[in-house]
Amino acid sequence: MALSGDYHTHTKYSRRNHGKGTIEEQVKAAVEKGLAQVAITDHGFNQVLYGVRRSDMAKMREEINEAKERYPIEVLQGVEANLISARGDIDIEPSDYEYLDVLLCGYHKLVKGKRKRDFFFIFKNLLISVFHITSRRQRERNTNAYINAMKNYDIDVLTHLNHGCKVDVQKVAKVAKETNTYIELNGKRLGMSDKEIMIAYNEGVKFIIDSDAHSPKRVGDCHLGLEAILRLRIPESAVVNYNSLPTFKADKRRKAKK
Ligand SMILES: [Zn+2]
Ligand SMILES: [Zn+2]
């Protein structure tokens, strides 16, 4: 089978050794796996412990360009942005767009908000991820945050939806379809139950299957997503990187900035 690319990988640029490999090592691993494309998507800037430094983005671009010359593979630069408020803010500014061939977005613990009251959104979800109980109100709040994020930013992919931040998958999927946002089947954790994956599929969303590799040896390791689509008999036409190449909104983002 032909998984065309892996669009969610972390490198040493996610701080504190959170990602283990260099950009070149990740790219080399992707070539060895036979992929046509790989994206370098370190953690968003507001993740307190692991977030990539904005000041490193230009250097990363240079390393990516060098790797593209050296290896027979298309390498994309991106970031896995964080959802940082109940209003659906994410930690991306228009000035970041030049470095974003692909923009992923997910919920992560320990992020900095923009305003004081963002603390409550972040803190409540932190409690939920510890105690695994989500109130109906918090689920609604999270759902609206994701919906607003998709409407306000040109996000390409929602990563590990429903992991650590519970949402109404049907409502999120409806807007993902409208805004042409792919929903990820993540290689480390699916987040969604089989039932929820089917709810998203029935809303007509497109899935993308990624590894979320934090080391070169895991690049292209997408068996959780691949097994899910086989198990649930989801047709390959619903998966954008299965025998086909996805399209991302990089040009749209850059144009909107001008
Ligand atoms: Zn993540
Ligand atoms: Zn990740």
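Counting convention: from 1, in listed order, for ligands and their atoms alike.
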Pick one: which of Gln77, Lys249, Arg61, Arg253 meets side chain to side chain donor-acceptor pair (under 3.5 Å) with Asp101?
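With Asp101 as partner, side chain to side chain donor-acceptor pair (under 3.5 Å) holds for just one option, Arg61.
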Does Arg54 make a cation-pi contact with Phe45, if we ask for NZ or CZ under 6.0 Å from the ring centre and within 45° of the axis?
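Positive - Arg54 is close enough to the ring of Phe45 and near enough to its axis.
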Lys166 side chain to Arg136 backbone, donor-acceptor under 3.5 Å:
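Not a single qualifying donor-acceptor pair exists.
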Please calculate the NE2(His8)-the Zn ion (ligand 2)-OE1(Glu80) angle and round it to 10 degrees.
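It is 90°, given to the nearest 10°.
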Is it true that some N/O/S atom of His43, main chain or side chain, lies under 2.8 Å from the Zn ion (ligand 1)?
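Under 2.8 Å: His43 has no N, O or S contact with the Zn ion (ligand 1).
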If I consider every N, O or S atom in Asp212, which one ends up closest to the Zn ion (ligand 2)? I only need its name.
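Of all N, O or S atoms belonging to Asp212, OD1 is the one nearest the Zn ion (ligand 2).
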Has His214 got an N/O/S atom less than 2.8 Å from the Zn ion (ligand 2)?
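Checking the Zn ion (ligand 2) against His214, no N, O or S atom falls under 2.8 Å.
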Which word best sums up how the rings of His43 and Tyr50 line up, parallel for under 30°, tilted for 30 to 60°, or perpendicular for over 60°?
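If you compare the ring of His43 with that of Tyr50, the planes turn out tilted.
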